[in-house]
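For the numbers below, each heavy atom of this structure counts, side chains included, while hydrogens, waters and symmetry mates do not.
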Amino acid sequence: MDLAESKVGTRAIYQPGASSIEGSPTALQMFHAHPPVMAMPHWHAQVEVNYVIRGTVHYRMNDHEFRLNAGQMCLFWGGQPHQMDESSDDSLYAGAHLPLVYFFRLRLPISISSRLMKGETLLTSATDAADRENFARWVRYANSGDSAKAQHAVDELLLRIERIALEPYSMATSKTTTSLEGDQPHPHSSRSVARMCDFIAANFLQDIDSVDIARAADLHPKYAMNLFKRSTGMTLSKYVTLLRLSRAQAMLMSEGANVLQVAMDSGFGSISAFNKSFRHIAGMSPSDFRRDIRLVTTMPAGAFRN
């Protein structure tokens with residue numbers, strides 16, 4: 001599926017940038033707003049939870065697509081290129097972007113976390129009126145400047161996500177949507193993965209390897225690599241690269257951004273490694289991405305047709 005071929009309506013266009021989630025790949029961010037459509041696919045190094053309060057939205061993922069109506073919620077891994085290509089005029093949604101360090105502290109069944117990390121999407125209609133009030137309050141608390149309120153919002157949000165597994169949900173893929181019953185999480189493994197994610201979040205712009213990451217979590221390197229791959233579907237090096245690419249994606253939006261400088265400032269040791277990694281996830285070179293996203297975001301809304 002070529003995500004870039006999806007149609008975009010005549011309305012506000014989402015624009016990634018240094019202050020957006022792409023530019024802050026280790027931050028937990030909450031939102032409560034009208035969802036703007038995306039002219040191009042984007043990706044970020046967080047798990048995303050979206051709750052549609054009003055209206056309807058449509059998503060295109062790497063290998064599947066789905067529509068959410070008012071009262072429905074989804075959870076997916078943002079590391080895969082994805083695109084919201086339809087958003088009704090009256091749509092309103094809320095949610096958050098969860099860095100893996102938060103995600104792997106959740107007491108979710110392995111059947112959910114492992115499938116999310118492999119690119120599936122969790123869908124649920126098990127929401128209620130309290131969600132409408134809570135998501136709005138969590139955003140207010142998170143942006144209040146009060147650290148106690150902000151932490152309270154995060155704690156409540158994480159508990160709400162954990163509750164998803166206690167009620168009916170399904171996992172969507174390109175081939176089928178399968179209903180599941182939860183199993184028990186592995187708390188020790190999740191804590192170890194969270195410790196590795198903590199270290200990576202603090203050091204991904206530095207020259208780190210699996211030995212450094214394993215040492216930070218008090219694990220043997222081979223065991224650490226196997227555990228991380230089993231839990232996330234990614235190697236340690238791929239996750240580090242994804243954080244760097246997320247940051248680079250946002251930096252390329254800056255006026256006068258130099259591709260070589262972006263590569264260096266994003267933690268890549270060479271322009272060739274940067275180009276290869278960027279092309280692998282985006283399907284184009286960093287230079288072409290910078291050109292195309294700038295063309296899209298500078299065109300008037302009327303230039304896009306349904």
In terms of heavy-atom contacts, L157 and A96 come closest through CD2-CB, 3.5 Å
Could you work out, with side chain to side chain donor-acceptor pair (under 3.5 Å) as the rule, every residue matching S144, not counting sequence neighbours? none
What are the two closest heavy atoms between A172 and H64, and how far apart are they? O-NE2, 3.7 Å
Okay, side chain of D209, backbone of D212: is any donor-acceptor separation there less than 3.5 Å? yes
Roughly how far, to the nearest 0.5 Å, is NE2 of H280 from CG of N275? 14.5 Å
Got L122 and S170 here, is their nearest side-chain heavy-atom distance under 4.5 Å? no
Nearest heavy-atom pair of A94 and H32: which atoms, and what distance? CB-CD2, 3.7 Å
Polar side chain donor-acceptor pair, S237 to T235, under 3.5 angstrom: yes
Between the side chain of T56 and the main-chain N/O of L68, is any donor-acceptor distance below 3.5 Å? yes
Begin with the C-alpha distance, continue with both residues' side-chain angles, and end with the deciding distance and a verdict on side-chain contact (heavy atoms from CB on, under 4.5 Å) for C74 and Y51. CA-CA 7 Å; C74 70; Y51 166 55; over 6 Å; no
Output every pair passing salt bridge (Lys or Arg N to Asp or Glu O under 4.0 Å) with a member in residues 224-233, not counting sequence neighbours, ordered by first then second residue. none
Quick one: pull up CG in L166 and CG in L108 and give me the separation to the nearest 0.5 Å. 9.5 Å
Using the ring-ring contact (aromatic ring centres under 6.0 Å, His included) criterion, which residues pair with F103? Sequence neighbours excluded. none
Residue list, side chain to side chain donor-acceptor pair (under 3.5 Å) with S272, at least two apart or on another chain: S270
Say whether, by atom type as modelled, one donor and one acceptor occur between the side chain of N143 and the main chain of V139 under 3.5 angstrom. yes
Quick test of your reading: applying salt bridge (Lys or Arg N to Asp or Glu O under 4.0 Å), list the pairs with at least one residue in residues 143-158, sequence neighbours left out, ordered by first then second residue. R137-E156
Smallest separation among heavy atoms of A165 and I112, with atom names: CB-CD1, 3.7 Å
Compile the donor-acceptor pairs under 3.5 Å between side chains in residues 258-269 and protein atoms, sequence neighbours left out, one pair per line.
residue : atom : partner : partner atom : Å
N258    : OD1  : L260    : N            : 3.0
N258    : OD1  : Q261    : N            : 2.9
Q261    : NE2  : D265    : OD1          : 3.0
Q261    : NE2  : D265    : OD2          : 3.3
S266    : OG   : V262    : O            : 2.8

Value for CE (M61) from CD (Q83), rounded to nearest 0.5 Å, stands at 11.0 Å
Side chains of V211 and R215: closer than 4.5 Å at any heavy-atom pair? yes
Is the shortest side-chain heavy-atom distance between M171 and T121 below 4.5 Å? no
Between H34 (side chain only) and S91 (backbone N and O only), is there a donor and an acceptor less than 3.5 Å apart? yes
Inter-residue atom distance R115.CZ - S111.OG, 0.5 Å rounding: 7.5 Å
Answer whether the closest heavy-atom distance between the side chains of D131 and R160 falls below 4.5 Å. yes
Please check this pair: side chain of R244 against backbone of F204, looking for a donor-acceptor N/O pair closer than 3.5 Å. yes
Hits for salt bridge (charged side-chain N to carboxylate O under 4.0 Å, His left out) against R163, two or more places apart or cross-chain, chain-then-number order -> E167
Nearest heavy-atom neighbours spanning S192 and A217: O-CB, 4.2 Å
List the steps, then state whether side-chain contact (heavy atoms from CB on, under 4.5 Å) holds for N50 with Q72. CA-CA 8 Å; N50 289 346; Q72 293 183 300; over 6 Å; no
Straight-line distance of R195 CZ to R191 CZ, nearest 0.5 Å: 9.5 Å
Verify whether one side chain among T173 and E120 offers a donor that lies under 3.5 Å from an acceptor in the other. no
Other residues, nucleotides and ligands only: do more than 12 of their heavy atoms fall within 6.0 Å of CG on D128? yes
Show your reasoning for whether side-chain contact (heavy atoms from CB on, under 4.5 Å) applies to I53 and L92. CA-CA 5 Å; I53 300 170; L92 178 67; 4.1 Å; yes
With the side chain counted from C-beta on, respond yes when D288 and S285 share a heavy-atom pair under 4.5 Å apart, and no when they do not. yes
Do M84 and H58 have side chains that approach each other closer than 4.5 Å (heavy atoms only, starting at C-beta)? no
Does the plane of the ring in F66 sit parallel, tilted or perpendicular to the ring in Y59? Use 30° and 60° as the thresholds. parallel
Is it true that Y223 and V193 fall in one hydrophobic cluster, defined by side-chain heavy atoms closer than 4.5 Å? yes
Note, L75 side chain near Y169 side chain (heavy atom, < 4.5 Å): no
S87 side chain to V57 main-chain N or O, any donor-acceptor pair under 3.5 Å? no
For Y93, give me all partners under ring-ring contact (aromatic ring centres under 6.0 Å, His included), at least two apart in sequence or on another chain. F31
Partners passing side-chain contact (heavy atoms from CB on, under 4.5 Å) against A216 (at least two apart in sequence or in another chain): F199
With rounding to the nearest 0.5 Å, note down the distance linking NE2 in H82 to CD in E48. 5.0 Å
Suppose we screen for ring-ring contact (aromatic ring centres under 6.0 Å, His included). Which residues come up paired with W77, at least two apart in sequence or across chains? none
Among residues at least two apart in sequence or on other chains, which ones pass ring-ring contact (aromatic ring centres under 6.0 Å, His included) with Y141? none
Please work out which of the three classes, parallel, tilted or perpendicular, describes the rings of F135 and W138, given edges at 30° and 60°. perpendicular
A side-chain contact here means heavy atoms from C-beta on lying under 4.5 Å apart; do I161 and R107 qualify? no
Mind running side-chain contact (heavy atoms from CB on, under 4.5 Å) on L252 and F278 for me, showing each step along the way? CA-CA 12 Å; L252 287 169; F278 197 96; 3.7 Å; yes
Please report the shortest heavy-atom distance between G79 and L242, naming the atom on each side. CA-CD2, 3.7 Å
Taking T124 for its side chain and P168 for its backbone only, find out whether a donor-acceptor pair lies under 3.5 Å. yes
Using the test side-chain contact (heavy atoms from CB on, under 4.5 Å), find all partners of A33 that sit at least two apart in sequence or belong to another chain. none
